[in-house]
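First the proteins, then the strands, lettered A, B, ... as listed; each starts at 1. Note that the coordinates shown come from a computational prediction; the quantities given were computed from them, not determined experimentally.
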Protein chains: 2
Amino acid sequence: MARSKDPAVRALLLERAAHMLRTRQPVTLRSLVDGTGVSTMAVYTYFGGMDGLWTALRQEGFRRLAARLDTVDATADSVRDLTALGAAYMSNALADPDIYRVMFDAGFDLEDAAAADATLHRLVDAVERAKGDGRFRPDVDAVELATRSWVIGHGLASLVAGGPLPDAALAHGVPLLAALFASAGDDPVRSRRSVEAGWVVEVPESGVLVG
Amino acid sequence: MARSKDPAVRALLLERAAHMLRTRQPVTLRSLVDGTGVSTMAVYTYFGGMDGLWTALRQEGFRRLAARLDTVDATADSVRDLTALGAAYMSNALADPDIYRVMFDAGFDLEDAAAADATLHRLVDAVERAKGDGRFRPDVDAVELATRSWVIGHGLASLVAGGPLPDAALAHGVPLLAALFASAGDDPVRSRRSVEAGWVVEVPESGVLVG
DNA sequence: ACGCTTAACATAGCAACGTTATGTATTCTG
DNA sequence: CAGAATACATAACGTTGCTATGTTAAGCGT
């Protein structure tokens, strides 16, 4: 056959692209490879072009999101845990606003949909656990409730991360989720307490915002 | 002085850019002016460059949004009206997904913030009218409740318009808004009825989706 | 063990992009 | 009615993503 691709080069380019995105430098084919020792062709052998790089970057974003969601561990309060997943989602979006924007930008293909589905599934699991605990009505559809939580989380993340709303608007997450969970059958007072306990969002360069 | 700018040319370029965006043609400087008889310089005299064109396009988007929100007229049911504003917001986003995306994309400057604020203000007014009708608790902050409605609307619009969720997901708007309004003091059953009455979203090429 | 095949990579060039410099025409002003 | 300033066309410049071409090196069959 021939030479085999070096996975380290791929990782290097991906890392560098993410870093350039974070530091607000325009990510162009030439600026990406400048100083790395590799030529522009590397982007084509590893990603098939710039479009492929963006796709890979989206998947890297979902990978990081998944990693952050994994740091949320289950407690006795399943509604708190569900909220904590939402807070972790938010922390991830704020940690890298540009990557988050790229994740949901124009070229949302089937691969990305699968990745998005995987992260949504974690929410579904959390909802089902809460149902098992009797927090939600038995007739509540776990996928639907998870999707609605996602709508709230994405709306908030999208408007705060580089959007028109300030960081302080993250506080809206608590009443929004509490209202949603109460509508699914959870006791309003108890729900509020659980959500306040779980809503801990890390805001870069401004510490931690607690609900 | 000298020749005066022709407002018709500005409107023509803006209209054409919006049309190219809707028909998924890439909007480039040259493709924009091709066939219009004007030269590439027109974009610079009228908008100061492509960035200026995007800013103008964002404002055009907010203008259209405002126009659509104006078609919602007040009825005796103020919560229905508030929901109808949300539905109109959604219809606008789905009618021109690409313009909607541009509106909330990267270059969100102060002008855009003002435009966004103006549209948010209509929601605030509607919330205050509902408070006057005794539908919401007196201690409810109108701006906050309006912002939370916006978070739901934007999250849904963003995930449906070109995003991972299908058009059918628009139906989530009803339970989400109903839950939010109920948490603000509105009677749950009555709220549900009002929201179902107001949630009428126009989906292009697939008719009208009623809650 | 050796040569052929094939993939990885560098170099160079292409069309198209946004922008700017330059020149011309037009229209308001003094 | 002349002067000046602005609208606009034309053309060029640097940079973009991409591709064609050439070279090098790794893996397999004999």
Side-chain angles (χ1 to χ4, degrees), chain A residues 1-21 23-60 98-99 101-102 105-109 111-112, chain B residues 1-21 23-60 98-99 101-102 105-109 111-112:
Chain A
M1 290 285 282
R3 284 153 80 184
S4 60
K5 292 188 201 177
D6 183 0
V9 174
R10 189 191 141 94
L12 176 104
L13 288 176
L14 228 42
E15 186 76 30
R16 185 171 160 84
H19 178 259
M20 293 177 74
L21 223 51
T23 55
R24 308 244 173 227
Q25 305 169 44
V27 180
T28 72
L29 176 64
R30 286 172 176 79
S31 69
L32 179 64
V33 300
D34 264 15
T36 62
V38 304
S39 83
T40 60
M41 277 307 294
V43 176
Y44 287 82
T45 59
Y46 286 102
F47 304 103
M50 287 303 277
D51 276 5
L53 177 85
W54 292 117
T55 296
L57 215 48
R58 264 194 293 276
Q59 287 176 346
E60 170 68 14
D98 299 275
I99 288 190
R101 193 174 306 123
V102 167
D105 248 14
F108 204 93
D109 54 18
E111 282 181 297
D112 303 324
Chain B
M1 290 286 280
R3 283 153 79 183
S4 62
K5 291 188 202 175
D6 183 1
V9 173
R10 189 190 140 94
L12 176 103
L13 289 176
L14 227 43
E15 186 76 30
R16 185 172 160 83
H19 179 259
M20 293 177 73
L21 222 51
T23 54
R24 310 246 174 226
Q25 304 169 43
V27 180
T28 73
L29 176 65
R30 286 171 177 78
S31 69
L32 179 65
V33 300
D34 264 15
T36 62
V38 304
S39 82
T40 61
M41 277 306 294
V43 175
Y44 286 82
T45 60
Y46 287 102
F47 305 103
M50 286 303 278
D51 277 5
L53 178 85
W54 292 116
T55 296
L57 215 48
R58 264 195 293 277
Q59 288 175 346
E60 170 69 13
D98 298 276
I99 288 190
R101 194 175 304 123
V102 167
D105 248 14
F108 204 91
D109 54 21
E111 282 182 296
D112 303 324

Task: Distance-minimising heavy-atom pair for B:Ala56 and B:Leu14 - done: CB-CD1, 3.9 Å
Open item on the list: Test: side chain to side chain donor-acceptor pair (under 3.5 Å). Region: residues 29-38 of chain A. Which pairs qualify, not counting sequence neighbours?
Closed with: A:Thr28-A:Ser31
Got a list of protein N/O to nucleotides 14-17 of chain D N/O distances below 3.5 Å?
| residue | atom | partner | partner atom | Å |
| --- | --- | --- | --- | --- |
| D:dT16 | OP1 | A:Thr28 | OG1 | 3.4 |
| D:dG17 | OP1 | A:Leu29 | N | 3.0 |
| D:dG17 | OP2 | A:Leu29 | N | 2.5 |
| D:dG17 | N7 | A:Arg30 | NH1 | 2.7 |
| D:dG17 | O6 | A:Arg30 | NH2 | 2.9 |

Open item on the list: The criterion is side chain to side chain donor-acceptor pair (under 3.5 Å); which residues satisfy it with B:Gln59, sequence neighbours excluded?
Closed with: B:Glu111
TODO: Determine the contact category for A:Val38: base if any of its heavy atoms lies under 4.0 Å from a base atom, sugar-phosphate if only primed atoms, P, OP1 or OP2 are that close, otherwise nothing.
DONE: sugar-phosphate
Task: Smallest separation among heavy atoms of B:Met20 and B:Pro26, with atom names - done: CE-O, 3.5 Å
Result block: side-chain N/O donor-acceptor pairs under 3.5 angstrom for residues 44-52 of chain A, not counting sequence neighbours:
| residue | atom | partner | partner atom | Å |
| --- | --- | --- | --- | --- |
| A:Thr45 | OG1 | A:Ala42 | O | 3.0 |
| A:Tyr46 | OH | A:Asp6 | N | 2.9 |
| A:Tyr46 | OH | A:Asp6 | O | 3.2 |

TODO: Can you tell me the distance, in whole Å, between the NZ atom of A:Lys5 and the C1' atom of D:dA26?
DONE: 15 Å
- [ ] Would you please name every residue forming a side chain to side chain donor-acceptor pair (under 3.5 Å) with A:Glu15, sequence neighbours left out?
- [x] none
Open item on the list: Please report the distance, rounded to the nearest Å, between CG in A:Leu32 and P in D:dC18.
Closed with: 12 Å
- [ ] Could you check how far CH2 of B:Trp54 sits from P of C:dT19, rounded to whole Å?
- [x] 11 Å
Task: Nearest-Å distance for atom pair CG/C1', residues A:Asp6 and D:dT24 - done: 16 Å
TODO: Mind checking B:Gly52 for me? I need base, sugar-phosphate or nothing, with any heavy atom below 4.0 Å counting as a touch.
DONE: nothing
TODO: State, yes or no, whether a side-chain contact exists between B:Val38 and B:Val43 at a heavy-atom distance under 4.5 Å.
DONE: no
Open item on the list: Check this one for me: any side-chain N or O of B:Tyr46 less than 4.0 Å away from OP1 or OP2 of D:dC8?
Closed with: yes
Open item on the list: Using side-chain heavy atoms (C-beta onward) and a distance below 4.5 Å, is A:Leu53 in contact with A:Leu32?
Closed with: yes
Open item on the list: Rounded to whole Å, please give me the gap between CE in A:Met41 and P in C:dG13.
Closed with: 16 Å
TODO: Return the residues of residues 11-21 of chain A meeting this criterion: a heavy atom under 4.0 Å from some atom of DNA chain C. Order them by number, or give none.
DONE: none
Task: Among D:dT10, C:dT11, C:dC9, the nucleotide that comes nearest once only the side chain of B:Ser39 is considered - done: D:dT10
Open item on the list: Rounded to whole Å, how long is the line connecting atom CZ of B:Arg10 with atom P of D:dC8?
Closed with: 13 Å
- [ ] Compare all side-chain heavy atoms of B:Glu60 with those of B:Ile99 and state whether any distance is below 4.5 angstrom.
- [x] no
- [ ] Just call it for B:Gly48: base, sugar-phosphate, or nothing, with non-hydrogen atoms closer than 4.0 Å on any strand.
- [x] nothing
